[in-house]
Structure formats: structure tokens, C-alpha cells
Amino acid sequence: MQVEAIQRTYRRWAPVYDLAFGRITQGGRLLAAQHVNAQGGAVLEVGIGTGLALSYYSPKVQVTGIDLSSEMLRAAERRARTLGLRNVAGLYQMDARAIDLPEASFDHVAAMHIMSVVPEPERVLDEMVRLCRPGGSVLIANHFAGRAEGWRLAERLAAPLANLLGWHSDFPIDRVLGHAGLKLEEQRQVRPFGLMTFLRFRRLAA
Ligand SMILES: C[S@@+](CC[C@H](N)C(=O)[O-])C[C@H]1O[C@@H](n2cnc3c(N)ncnc32)[C@H](O)[C@@H]1O
């Protein structure tokens, strides 16, 4: 999807996003937060959206988020304020392909349900690797084509509707595997629907 289409689509989704997608995408966010909480440190959420994962992080974890959509970010800010979260270090409007933050500044970098949305996922992955310290973790939760039993026909039918839906339903997993700076340590389908895949990588030393 192109930037204008993303901004238009998520302006529309922002008021109803939590209701429409909160539950179906919850499993990946929980797995990511569990891992981050167990390790501690600072996490960057790329494409944080309405901040649905914010309340899952331990108060000891420092959370930074970026997103392209000001409407989605405003919802995340509202959530942080309403819940009185003091561990949110910053929420910034930035493009995930060129994130204006210093390299190796996070222990964990997470991208949940965004890789099949962005125009150049390989560039986003490069940025995630750059921002993660060596030995830290890169976490991805996403729907990938052909991974979920019984959903292939729906994936094919939804594929031409990417600009309307806000993501590519036929996005192949290969596009986020095989990065030279990452070692895949965990891959699993996320319960309860099995629609999403959770990937956990270790950031290799340069
Ligand atoms: C499907 S939502 C996922 C939101 C959140 N991560 C979650 O799990 O609920 C995709 C998000 O990615 C954001 N996004 C899309 N392209 C982006 C880009 N190039 N840079 C930053 N954010 C982007 C959208 O604005 C939207 O908030």
C-alpha cells in the first residue's frame, strides 16, 4: 500500500479498530509482551496503531511507539493517558521505512500486524535490525499467506481489497525471513484462531 492510501485507510479504521480487530489480533501482542516482560528493557513498537499492547507490558519495560497515522497515534496517546501508563517513553509520527531514532537503542523491536501493510517491508525490517541492539530481539506478528488452515480461499478473495482493508491478505512469509542480521528462534501459529504467525528473531552481532 502507498503512504496516502495507508493514512486514508487508518484514518477510517482508527475509531473502530479496537472493536473490529482487537480480539482477532490479540494473541500475537500477548506473546510479544510476554517475551519482552520476561527479558525486561526497552521496546520499540513499529506501527503501534492504537496501542493495544500498551497495557500488556510490565511497568518496568520502557515503551516507545511510532506510526504513520496521526489518528491511530492519538488513540494510543489517549490509552496511555487513560490508563496512567508511566512507562511510555514516546509516541511519534514516523515512517517505519526511515525511523528517526539512534541505532541499537532498543532491547526489543516489535512489528505487529504491520509487515503486510507497509509498502517496502524489507526496508522496515532493515530499520528494525538497525534499531535493535546486538543480542536483542526482533518480534513480528502477522498474517501470512498459506499459513492458516482453512483461510486460503478468503486470502485470495480479499487480496484485491488491500487498499480498502488496510493490509495485503496474500503476503508471503518469505519476505520477512532470511535477513542476514537475524536468527529465527521461534515460529508459531497464534491461538485461538491460528490466523496469525508469531516470529521471534535474535539480532546477531554485526
Ligand atoms: C493493522 S494496524 C496494526 C496496529 C498495531 N500494531 C496492532 O497490532 O494493533 C497497522 C498499523 O501500521 C501503521 N503503518 C502502516 N504503514 C506504516 C509505515 N510505513 N510507517 C509506520 N506505520 C505504518 C498503520 O498506520 C497502522 O496503525
Side-chain angles (χ1 to χ4, degrees), residues 1-14 16-18 20-32 44-53 65-69 71-73 75-76 94-99 109-129 131-132 137-179 182 184 186-201:
M1 290 177 71
Q2 296 313 306
V3 163
E4 298 73 33
I6 292 169
Q7 287 180 318
R8 215 176 30 249
T9 305
Y10 284 94
R11 184 174 308 134
R12 233 182 20 240
W13 276 129
V16 293
Y17 182 86
D18 296 0
F21 302 112
R23 188 155 150 60
I24 201 163
T25 52
Q26 185 186 27
R29 278 188 292 271
L30 280 169
L31 286 175
L44 171 68
E45 261 202 51
V46 175
I48 190 168
T50 62
L52 276 166
I66 68 120
D67 202 285
L68 202 56
S69 159
E71 290 81 5
M72 294 292 271
L73 271 178
M94 290 184 193
D95 189 327
R97 295 171 297 174
I99 302 174
V109 183
M112 292 179 281
H113 321 108
I114 154 164
M115 295 312 255
S116 54
V117 177
V118 289
E120 296 167 288
E122 291 82 1
R123 264 181 78 185
V124 175
L125 197 55
D126 284 344
E127 277 296 79
M128 293 174 72
V129 172
L131 291 163
C132 185
S137 43
V138 166
L139 310 167
I140 294 178
N142 215 89
H143 173 77
F144 296 109
R147 312 300 301 179
E149 285 302 317
W151 287 89
R152 285 180 200 184
L153 180 61
E155 282 166 4
R156 273 206 301 279
L157 291 176
L161 305 176
N163 281 347
L164 186 71
L165 291 172
W167 67 88
H168 294 278
S169 60
D170 55 351
F171 184 74
I173 196 168
D174 304 4
R175 292 191 70 176
V176 299
L177 297 178
H179 193 290
L182 296 175
L184 182 62
E186 184 180 352
Q187 172 173 347
R188 61 159 117 161
Q189 291 310 111
V190 179
R191 288 163 184 265
F193 307 107
L195 196 53
M196 308 291 166
T197 306
F198 176 73
L199 301 170
R200 181 170 58 78
F201 302 90

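All values below were derived from every heavy atom in this structure, side-chain atoms included, with hydrogens, water molecules and symmetry-related copies excluded. All residue numbers in this chain count up from 1 along the given sequence.
Side-chain atoms of V46 and E127, non-hydrogen and from C-beta on, never get closer than 4.5 Å to each other. Within the 4.5 Å cutoff, the side chain of V129 has no heavy atoms near those of the F201 side chain. Between V3 and D95, some side-chain heavy-atom pair lies under the 4.5 Å cut-off. Residues M196 and M112 are not in side-chain contact: their nearest non-hydrogen atoms beyond the backbone lie 4.5 Å or more apart. Using a 4.5 Å heavy-atom threshold, the side chains of L52 and H113 count as separate. Contact check for T9 versus V117: no side-chain heavy atoms found under the 4.5 Å cut-off.
Residues that satisfy the side chain to side chain donor-acceptor pair (under 3.5 Å) test with S137, not counting sequence neighbours, are H35, H108. For D67, there are no side chain to side chain donor-acceptor pair (under 3.5 Å) partners at least two apart in sequence or on another chain. D18 meets the side chain to side chain donor-acceptor pair (under 3.5 Å) test with T50, R79; sequence neighbours excluded. Residues passing the salt bridge (Lys or Arg N to Asp or Glu O under 4.0 Å) test with E186 are R188, R200, sequence neighbours excluded. For F198, the ring-ring contact (aromatic ring centres under 6.0 Å, His included) test picks out no residue, with sequence neighbours left out.
Ion pairing of R175 with E122 is present here, as a side-chain N (NZ or NE/NH1/NH2) and a carboxylate O approach within less than 4.0 Å.
Nearest approach of V109 to C132, heavy atoms of both residues: CG2-CB, 3.7 Å. Considering every non-hydrogen atom in both I114 and A96, the closest pair reads CD1-CB, 4.3 Å. Residues A14 and M72 come closest through the heavy atom pair CA-SD, 3.6 Å. Nearest heavy-atom pair, M115 versus I140, reported as atom, atom and distance to 0.1 Å: CG-CG2, 4.1 Å. A pairwise comparison of heavy atoms in A110 and M128 identifies C-CE, 3.9 Å as the closest pair. Between L177 and L184, the closest heavy-atom pair is CD2-CD2, 4.2 Å.
The environment of CZ in R123 is crowded: more than 12 heavy-atom neighbours from other residues, nucleotides or ligands sit within 6.0 Å.
Remark: the Q7 side chain and the S69 side chain contain no N/O donor-acceptor pair separated by less than 3.5 Å.
Within the structure, salt bridge (Lys or Arg N to Asp or Glu O under 4.0 Å) contacts touching residues 109-118 (residues at least two apart or in different chains) do not occur.
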Audit row: L68, Y10, side chain to side chain contact (heavy atoms under 4.5 Å, CB included) steps and yes/no: CA-CA 9 Å; L68 202 56; Y10 284 94; over 6 Å; no
Please step through side chain to side chain contact (heavy atoms under 4.5 Å, CB included) for the pair L199 and F144, ending with a clear verdict. CA-CA 11 Å; L199 301 170; F144 296 109; 4.0 Å; yes
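Note: H143 NE2 to I173 CD1 = 10.5 Å, rounded to the nearest 0.5 Å.
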